[in-house]
Peer 1: 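Pasting a structure below so you can have a look.
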Amino acid sequence: NNNTIQQSTISAANSNSIFSLASFNNLYDRLKITATDNAAVFIAQSSSETFRQSSITALGLGAAAAVYITAGSSNSFAQCALNNFSGPMGVQLVLQSNYNVLSQSTVTSSASSQPAFLADTGSSSNTITQSYILSNNGPAVKFNGGGFNTIVGSTLASPSPTSADHALNLVGSSSNTIIQTVIIRTNGAPGRAVYIESESNGNAIILSSITATGAAITFDRTSSNTVVATFARGGQAAVEIRGSTGTRVASSRLISDSFRGLNLIDGSNGLTLAASTVTASSGFVGVYSAPNNSGAIDISGNFVSGARSAIWFFATNAGSTLWITSNTLIPMASASGAQGILLDGLLYGATVQNNNVYYRSGVGTAAMDYIGMSFSNSLGLLIDHNRINHPNILTTGNFKGIKFDNVQNSSFKFNDVHSSGPVSIGYMVDLNNSTVTIRNNIFMSSMTDGGSGRTIFASLNSVVSADYNNYYSSNSAATL
């Protein structure tokens, strides 16, 4: 104990260059440490070992990390280069190795499907700060079990060609915090930058930047995870939520280069998406929920743009609640139509309130429908205090401010619907086989169409109570 080794070169073949057993408070300063076919530094049941400004390298194909810590705690590596150019890992922590710190260091590995930094078998409360971690053929960082680890101010990169490899992978690991960190998953088959799975609960991603060729962030069978003030950009989705409970995304920037900005699937339970900006490509969806999700789902105060469908929700399970409130939605008028909000199969009701739907781009396609809000096969919808605006954007196609298709016992009140410009067919409200109360709304139309447009169009099998509405048109066209 209490020894110091400075400014030295230490190397070994088929053995460890430094082996620390049940030791503490030793200082290793400005060393060059190499080992072939074994761990360069092996720490077992030792604590408070300090490595500073050192190069630690594992060579050869031996199945050992450059730094291997087993049941060791409170050890630190500062301003070090930890490299495994052909073996499995740069750093491996096992058997409840806790409170270790990696700071201002670089960790690299190149072995296929192996992480550069692995905290395994219950290793907890470790910290990675201001460090760069690269795995050329596997995950950059993996936490397997344990929890309460922290990554702050660091960069994690994985250009692996294998889609199963993720830049950051949490497996059964809870209460970890990732803050002010850049996470990059590029090249190869589409892969995830952050993959949090298998009951990894209560984790937080804060003030970070995450990019991937696949999904930027995936939660898979987890609960109570949070993304706050984070930039997430994915080739397929910015945030993907699979069979998870109580996920919260707030004050974040989500971009999907294709498919969906936020993707809620596989029977997830509960979601909060608040005060965030979501962008998806034309022809795709901004915020999507597949059938059979459940719980309290709250989509509030967001800005969604670029997508053909800004918000698209399918049926939720019994006992679910859905609020879509105070969002600004700018759908792209794509060649296959567009919707600001699309709800289908909501048999347990939903509240759609204080949203703004604005058409601002695209030209439309003949025979396609461009809709402010579309509701179908649903019961008990409360739709109030929304604004839908189409200011002479489409040059062809059909504009429908609101569409009800097989919607029963619902209300549409205190809304503002406006449209102008030429369209093929223009309806402010289109009802088919629906029973809806329409009251205290303002409908303003300056559209020109092929002659069959109406302010309110209801099929013979619809029941409408339409009182106390204001209708205005600058053109001579039928109202009902």
Side-chain angles (χ1 to χ4, degrees), residues 264 285 287-294 297-299 308-325 327 329 331 337-357 368-388 390 398-419 425-443 445 452-469 471 479-480:
L264 186 71
V285 182
V287 179
Y288 176 83
S289 176
N292 299 318
N293 294 315
S294 59
I297 300 174
D298 186 357
I299 311 297
R308 180 190 68 184
S309 301
I311 296 176
W312 187 351
F313 272 68
F314 278 104
T316 54
N317 292 333
S320 301
T321 56
L322 173 61
W323 292 275
I324 301 176
T325 62
N327 301 286
L329 313 174
Q339 306 89 23
I341 294 176
L342 192 159
L343 304 184
D344 188 358
L346 276 295
L347 300 181
Y348 305 99
T351 298
V352 180
Q353 187 176 70
N354 288 326
N355 300 286
N356 296 309
V357 179
M368 292 292 105
D369 287 344
Y370 300 88
I371 305 170
M373 297 182 181
S374 178
F375 308 102
S376 58
N377 306 309
S378 299
L379 298 172
L381 303 179
L382 304 177
I383 308 158
D384 66 90
H385 294 89
N386 301 285
R387 169 167 288 183
I388 298 167
H390 164 238
N398 308 321
F399 176 78
K400 299 179 180 181
I402 304 292
K403 181 178 179 180
F404 295 102
D405 188 1
N406 193 28
V407 173
Q408 311 301 325
N409 301 324
S410 297
S411 67
F412 183 76
K413 299 180 179 181
F414 299 102
N415 300 284
D416 176 355
V417 184
H418 169 264
S419 180
I425 299 174
Y427 297 147
M428 305 301 276
V429 181
D430 181 15
L431 300 100
N432 177 56
N433 190 33
S434 296
T435 303
V436 181
T437 298
I438 301 176
R439 287 191 174 189
N440 298 300
N441 302 287
I442 298 174
F443 299 104
S445 172
S452 59
R454 300 290 187 271
T455 299
I456 297 179
F457 179 85
S459 66
L460 292 175
N461 52 356
S462 293
V463 178
V464 181
S465 174
D467 297 320
Y468 309 110
N469 300 292
Y471 305 95
T479 298
L480 300 175

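The analysis underlying the following values was restricted to heavy atoms, covering all of them including side chains, and did not include hydrogens, waters or symmetry mates.
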Peer 1: Please table the atom pairs, donor to acceptor, closer than 3.5 Å between any side-chain atom in residues 310-322 and protein atoms at least two apart or in another chain.
Peer 2:
from	atom 1	to	atom 2	distance (Å)
Asn317	ND2	Asn292	O	2.9
Ser320	OG	Gly295	N	3.2
Ser320	OG	Asn317	O	2.7

Peer 1: Counting N and O atoms only, with roles assigned by atom type, does the side chain of Thr325 sit under 3.5 Å from a partner on the main chain of Trp323, one being a donor and the other an acceptor?
Peer 2: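 Here the side-chain-to-backbone pair does not exist.
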
Peer 1: Side chains of Asn355 and Met373: does their closest heavy-atom pair fall under 4.5 Å?
Peer 2: yes

Peer 1: For Arg387, does its backbone N or O pair with a side-chain atom of Asp416 as donor and acceptor, under 3.5 Å?
Peer 2: no

Peer 1: For Thr435, is there any backbone N or O sitting under 3.5 Å from a side-chain donor or acceptor partner on Asn409?
Peer 2: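 Pair absent, no side-chain N/O of Asn409 close to backbone of Thr435.
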
Peer 1: State plainly whether the residues Lys413 and Asp384 are in salt-bridge range, i.e. N to O under 4.0 Å.
Peer 2: no

Peer 1: May I have the step-by-step check of side chain to side chain contact (heavy atoms under 4.5 Å, CB included) for Leu346 and Tyr348, ending in yes or no?
Peer 2: CA-CA 6 Å; Leu346 276 295; Tyr348 305 99; over 6 Å; no

Peer 1: Does anything in residues 340-349 form a salt bridge (Lys or Arg N to Asp or Glu O under 4.0 Å)? List the pairs, not counting sequence neighbours.
Peer 2: none

Peer 1: Which heavy atom of Ile299 sits nearest to which heavy atom of Asn327, and what is that distance?
Peer 2: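 Shortest heavy-atom contact: O-ND2, 2.9 Å.
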
Peer 1: Please report the C-alpha distance between Ile442 and Tyr471 in whole Å, then the side-chain angles of each, then the deciding distance to 0.1 Å, and finally whether the side chain to side chain contact (heavy atoms under 4.5 Å, CB included) criterion is met.
Peer 2: CA-CA 6 Å; Ile442 298 174; Tyr471 305 95; over 6 Å; no

Peer 1: Shortest non-hydrogen contact from Ala458 to Val464?
Peer 2: CB-CG2, 4.1 Å

Peer 1: Does Lys403 pair with Asp430 as a salt bridge, N-O distance under 4.0 Å?
Peer 2: no

Peer 1: Which distance, rounded to the nearest 0.5 Å, do you find between the CG of Asn432 and the CG of Asn461?
Peer 2: 5.5 Å

Peer 1: I'd like to check the ring-ring contact (aromatic ring centres under 6.0 Å, His included) partners of Tyr370; sequence neighbours left out, ordered by chain and number.
Peer 2: none

Peer 1: Assign the ring pair Phe412 / Phe404 to parallel, tilted or perpendicular, where the plane angle (0 to 90°) is split at 30° and 60°.
Peer 2: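 Perpendicular, since the angle between the ring planes exceeds 60°.
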
Peer 1: Check Gly401 against Val417 and note the closest heavy-atom contact, atom names and distance.
Peer 2: CA-CG1, 4.1 Å

Peer 1: Could you report the tightest heavy-atom contact between Val407 and Asn377, atom names first, then the distance?
Peer 2: CG2-N, 4.2 Å

Peer 1: Here's a test for you: under side-chain contact (heavy atoms from CB on, under 4.5 Å), which of Asn406, Val352, Leu342 qualifies with Phe375?
Peer 2: Val352

Peer 1: Before giving the answer on side chain to side chain contact (heavy atoms under 4.5 Å, CB included), spell out for Leu343 and Ile324 the whole-Å C-alpha distance, their side-chain angles and the decisive distance to 0.1 Å.
Peer 2: CA-CA 11 Å; Leu343 304 184; Ile324 301 176; 3.8 Å; yes

Peer 1: Can you check whether Arg439 reaches Ser411 side chain to side chain, under 4.5 Å on heavy atoms?
Peer 2: no

Peer 1: Does any part of the side chain of Phe443, heavy atoms only, come nearer than 4.5 Å to the side chain of Val429, both counted from C-beta?
Peer 2: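 Heavy-atom side-chain distance check passes, below 4.5 Å.
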
Peer 1: Quick one: does Pro331's side chain get under 4.5 Å of Val357's, heavy atoms only?
Peer 2: yes

Peer 1: What's the spacing between Asp467 CG and Asn441 CG if we round to 0.5 Å?
Peer 2: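 It is 11.0 Å, given to the nearest 0.5 Å.
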
Peer 1: One pair to check against side-chain hydrogen bond (donor to acceptor under 3.5 Å, both in side chains): Gln339 and Ser309. What are the steps and the verdict?
Peer 2: CA-CA 5 Å; Gln339 306 89 23; Ser309 301; 2.5 Å; yes

Peer 1: What's the shortest heavy-atom distance between Asn469 and Ile438, and which atoms?
Peer 2: ND2-O, 3.0 Å

Peer 1: Could you walk me through whether Asn415 and Ile402 satisfy the side chain to side chain contact (heavy atoms under 4.5 Å, CB included) test, starting with their C-alpha distance in whole Å, then the side-chain angles of each, then the deciding distance to 0.1 Å, before giving a yes or no?
Peer 2: CA-CA 10 Å; Asn415 300 284; Ile402 304 292; over 6 Å; no

Peer 1: Indicate the atoms forming the closest heavy-atom contact of Gly380 with Ser410, along with that distance.
Peer 2: N-OG, 3.5 Å

Peer 1: Report yes or no: does Ser462 contribute a side-chain atom to a donor-acceptor pair with the main-chain N or O of Asn433 at less than 3.5 Å?
Peer 2: yes

Peer 1: Drop me the distance from Phe457's CZ to Lys400's NZ, to the nearest 0.5 angstrom.
Peer 2: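 Answer for the CZ-NZ pair, Phe457 versus Lys400, is 8.5 Å.
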
